[in-house]
Amino acid sequence: MLNFKKQTYISIARNEEINERKAAEKNEFRQINRKVGSGATIHTPNTEPSVPEGLYIKCGNCGDAVLSEDVEKANHTCPKCGYNFRIGAYQRLDMVLDEGSFEEWNKELITDNPLNFKGYEEKLTVLKGNTGLSEAVITGKGAIHGMELAIGICDSRFLMGSMGEVVGERITRMVERATKDRLPVVIFACSGGARMQEGIVSLMQMAKTSQALKRHSQAGLLYVSVLTDPTTGGVTASFAMLGDIILAEPGALIGFAGPRVIEQTIGQKLPEGFQRSEFLLEKGLIDGIVKRSELRHELGEIIRMHTIKTDKINTYEHYIKKNAPIASIPLKDSAVMKAWDKVQVSRSATRPTAMEYISVIFKDFIELHGDRAYRDDGAIIGGIATVGGKAVTVIAQQKGKNTKENILRNFGMPYPEGYRKALRLMKQAEQFLRPVICFVDTPGAFCGIEAEERGQGEAIARNLYEMSALKVPVVTIVIGEGGSGGALAMAVSNEVWMLENATYSILSPEGFASILWKDAKRANEAADVMRITSKDLLSLKVIEKVIPETVPAGEQNLYDLSGYMKNYIKEFLSKYKNKSPEEIVNERYERFRNF
């Protein structure tokens with residue numbers, strides 16, 4: 001097993017040694033005929049006059065010859081097509097961390113040959129000499145914009161970044177120390193999977209690293225996984241896919257069984273783009289795709305939002321005066337509008353969508369994607385943001401402003417995976433003690449064949465069940481239509497507010513009239529008897545607050561309405577900041593128990 005002759009818990013890498021390794025990686029990158037990415041090689045023309053060795057590199061994607069210097073300046077991406085060349089671990093450290101901040105841990109751990117696999121030790125010796133690495137992962141502590149984190153980076157040059165016992169041990173020790181020191185963890189995965197030469201011992205590393213990450217999570221600490229090309233096999237099936245937030249580089253190959261294994265094992269022909277980052281984003285398995293040039297900033301923002309300590313609630317008395325709406329003539333006085341009029345206004349295509357309110361109310365919104373099981377549903381958006389100096393989770397039902405957007409958003413009617421995405425983000429908010437702000441705007445949950453096949457009823461029921469016990473405060477704002485269980489699945493909250501011209505109902509007036517009177521044309525009559533307006537619902541104590549619309553919501557009063565909401569949200573956060581989790585849960589329970 002592991003050789004612990006030098007079991008120092010921390011090994012501080014000297015700056016000069018790190019610089020030597022970075023220089024070696026840079027030199028290796030420039031070497032003629034070195035394989036890079038998908039068969040890309042250094043390109044040296046055979047014509048006269050001769051071109052200096054290593055001056056050009058051939059892109060593995062577009063096939064063009066590009067200057068090596070330009071590739072390096074672009075974070076080792078092709079300046080023509082954006083293709084990501086594979087890079088060494090120390091190069092990646094240099095791209096992401098503050099200069100001089102890296103402190104290497106557990107470098108002295110040495111791999112034995114647990115299965116006495118023939119030729120394995122000799123192969124390791126050669127790799128160590130060729131790469132300057134002692135194993136396929138480096139771990140340690142560093143900083144991004146001054147914020148400390150524990151970081152692990154896999155290196156594909158060492159046995160394709162495969163995970164043997166030392167790789168598993170280094171990652172596990174790093175996570176354990178990060179838990180003890182209360183540091184966020186970032187791991188860059190790049191691996192062909194489990195290490196065949198170590199057999200079942202390698203397999204055990206999947207469980208070992210996963211359980212360390214579970215304890216880190218239970219301590220309320222952040223783990224960000226960054227998937228690079230390739231990430232496959234046992235690494236995908238363990239620490240790579242367990243991040244609280246999972247990011248990926250563009251075009252990275254990510255999957256459990258690699259394409260060659262699938263094709264040679266069961267003979268399936270794989271579709272174009274299969275198992276690439278973009279495929280996983282569409283299928284709801286990752287939170288986002290980030291370019292190398294933006295990765296340092298994105299990681300910094302994510303870590304910052306998970307380390308915000310302030311609970312200051314700033315007053316907002318002069319917001320409306322500073323952000324006066326564009327002068328407009330009221331379309332119709334909200335106070336004298338009938339219920340059916342309000343139904344029509346709540347459905348208006350000119351009404352601001354959730355994303356428009358989010359962009360005005362919150363700072364630094366970072367959208368997260370997917371239910372981690374099937375697909376990313378465009379009808380529900382969500383992510384993390386700040387308001388009044390406090391980090392919050394924002395989840396919203398999103399409609400489109402035109403036909404193209406409405407098709408993308410399914411006209412604001414979520415599928416089961418949309419509700420599962422919302423619940424995933426709510427549970428994440430609970431882990432990090434972030435209040436949850438929900439925006440409701442839906443005619444109802446989608447009721448097609450696909451939704452039924454994927455368990456629409458169970459998905460809504462699960463949200464009601466889990467939201468009832470969330471240990472963080474939740475507020476829901478109905479900004480347009482609040483249709484049936486599709487709306488309630490995001491409204492099991494401590495408080496529910498409505499814009500004055502929004503509606504909230506058991507189902508649409510058309511559906512109500514069709515069921516009770518067998519005549520959908522009596523929808524306007526149904527709207528009156530259903531008591532679905534904000535005024536009605538306030539009197540029934542179904543909601544706690546009405547946000548006034550002096551004119552129906554639109555572009556002309558977006559900042560007015562956002563100002564009211566922002567002020568009320570700050571007051572809500574102030575109200576709940578000193579309440580215990582038990583008080584928050586009990587208040588929510590009693591709110592619904594009284595109906």
Side-chain angles (χ1 to χ4, degrees), residues 7-13 93 96-98 100-107 109 137-153 168-189 208-226 238-247 287 295-312 364 366 368 384-386 389-393 424-436 470-472 573 577-578 580-581 584:
Q7 290 192 21
T8 53
Y9 195 72
I10 177 172
S11 173
I12 301 176
L93 280 175
V96 173
L97 296 183
D98 295 348
S101 68
F102 183 62
E103 175 185 292
E104 190 164 354
W105 294 346
N106 305 310
K107 177 186 168 186
L109 294 180
V137 69
I138 59 173
T139 60
K141 182 174 74 171
I144 298 177
H145 304 316
M147 297 175 292
E148 288 191 336
L149 69 150
I151 187 168
I153 300 182
E169 183 69 15
R170 286 186 180 183
I171 289 173
T172 299
R173 288 194 181 193
M174 175 192 69
V175 173
E176 288 174 342
R177 182 165 182 183
T179 304
K180 179 182 177 182
D181 295 345
R182 300 202 61 78
L183 293 174
V185 168
V186 175
I187 299 179
F188 284 82
K208 183 169 78 176
T209 56
S210 298
Q211 67 180 15
L213 287 166
K214 178 63 175 177
R215 291 193 174 188
H216 188 262
S217 175
Q218 288 174 328
L221 298 169
L222 173 68
Y223 166 40
V224 181
S225 178
V226 185
S238 57
F239 66 84
M241 296 303 291
L242 294 176
D244 298 300
I245 296 174
I246 303 178
L247 305 177
D287 286 295
L295 192 53
R296 172 178 160 85
H297 171 76
E298 191 80 359
L299 288 173
E301 284 296 283
I302 290 170
I303 293 171
R304 182 182 66 81
M305 288 189 185
H306 286 80
T307 55
I308 291 174
K309 300 297 184 183
T310 179
D311 248 316
K312 293 180 181 178
D364 315 315
I366 298 176
L368 305 177
I384 52 179
T386 58
K390 176 138 183 101
V392 296
T393 289
R424 177 177 78 84
L425 295 177
M426 290 178 196
K427 298 298 288 184
Q428 185 188 94
E430 182 179 50
Q431 177 184 348
F432 296 109
L433 304 179
R434 287 195 298 265
V436 177
L470 285 177
K471 296 180 174 62
V472 293
L573 298 180
K577 70 178 182 180
N578 293 321
S580 69
I584 292 169

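Because only heavy atoms are used, hydrogens play no part in the values below, and waters and symmetry mates are left out as well, while side chains stay in.
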Worksheet item: Would Val96 and Val186 satisfy side chain to side chain contact (heavy atoms under 4.5 Å, CB included), going step by step from the backbone distance to the final call?
Response: CA-CA 11 Å; Val96 173; Val186 175; over 6 Å; no

Item to complete: Decide side chain to side chain contact (heavy atoms under 4.5 Å, CB included) for Thr393 and Val472; before the verdict, give the C-alpha distance in whole Å, the side-chain angles of both, and the deciding distance to 0.1 Å.
Response: CA-CA 10 Å; Thr393 289; Val472 293; over 6 Å; no

Discussion item. Before you tell me yes or no, could you show the steps for Ile384 and Leu425 under side chain to side chain contact (heavy atoms under 4.5 Å, CB included), namely the whole-Å CA-CA distance, both residues' side-chain angles and the distance that decides it to 0.1 Å?
Written reply: CA-CA 9 Å; Ile384 52 179; Leu425 295 177; over 6 Å; no

Item to complete: Would you please test Arg215 and Glu176 for salt bridge (charged side-chain N to carboxylate O under 4.0 Å, His left out) and show each step?
Response: CA-CA 8 Å; Arg215 291 193 174 188; Glu176 288 174 342; over 6 Å; no

Fill in: Intermediate values then yes/no, side chain to side chain contact (heavy atoms under 4.5 Å, CB included), Asp244 and Phe432
CA-CA 10 Å; Asp244 298 300; Phe432 296 109; 3.5 Å; yes

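Taken from CD1 in Ile245 to CG in Asp287, the straight-line distance is 6.0 Å, to the nearest 0.5 Å. Ile187 CD1 to Ile153 CD1: the interatomic distance, rounded to the nearest 0.5 Å, is 10.5 Å. Atom CD of residue Glu169 and atom CG of residue Asn106 lie 7.5 Å apart, to the nearest 0.5 angstrom. Taken to the nearest 0.5 Å, the CG atom of Leu149 stands 5.0 Å off from the CD1 atom of Ile144. Residue Leu242 holds its CG atom at 7.5 Å from OG1 of Thr209, rounded to the nearest 0.5 Å. The OG1 atom of Thr307 sits 11.5 Å away from atom CG of Leu221, with the distance rounded to the nearest 0.5 Å.
Remark: the backbone N or O of Phe239 is paired with a side-chain donor or acceptor of Tyr223 at under 3.5 angstrom. Under the 3.5 Å distance criterion, the side-chain polar atoms of Thr179 are matched with a main-chain donor or acceptor of Val175. A distance-only check finds no donor-acceptor pair linking the side chain of Thr139 to the backbone of Ile171 [under 3.5 Å]. Checked by atom type and distance alone, the side chain of Asp98 pairs as donor or acceptor with a backbone atom of His145 at under 3.5 Å. Listed for the Arg182 side chain is no donor-acceptor partner under 3.5 Å among the backbone atoms of Gly220. Remark: side-chain polar atoms of Arg170 are not paired, donor with acceptor, to backbone N or O of Ile138 under 3.5 angstrom. Under a 3.5 Å cut-off, the side chain of His216 and the backbone N or O of Leu183 do form a donor-acceptor pair.
Shown here are the salt bridge (charged side-chain N to carboxylate O under 4.0 Å, His left out) partners of Glu148, two or more places apart in sequence or in another chain: Lys141.
Here the closest heavy-atom approach between residue Ala178 and residue Ala150 is recorded as CB-CB, 3.8 Å. For the residue pair Gly152 and Met174, the shortest heavy atom distance occurs at N-SD, 3.5 Å. Residues Ala391 and Thr386 come closest through the heavy atom pair CA-CG2, 4.2 Å.
Trp105 does not carry Arg173 over the face of its six-membered ring by the limits of under 6.0 Å from the centre and within 45° of the normal.
The side-chain contact (heavy atoms from CB on, under 4.5 Å) test with Arg434 singles out one residue from Met305, Met426, His306, and that residue is His306.
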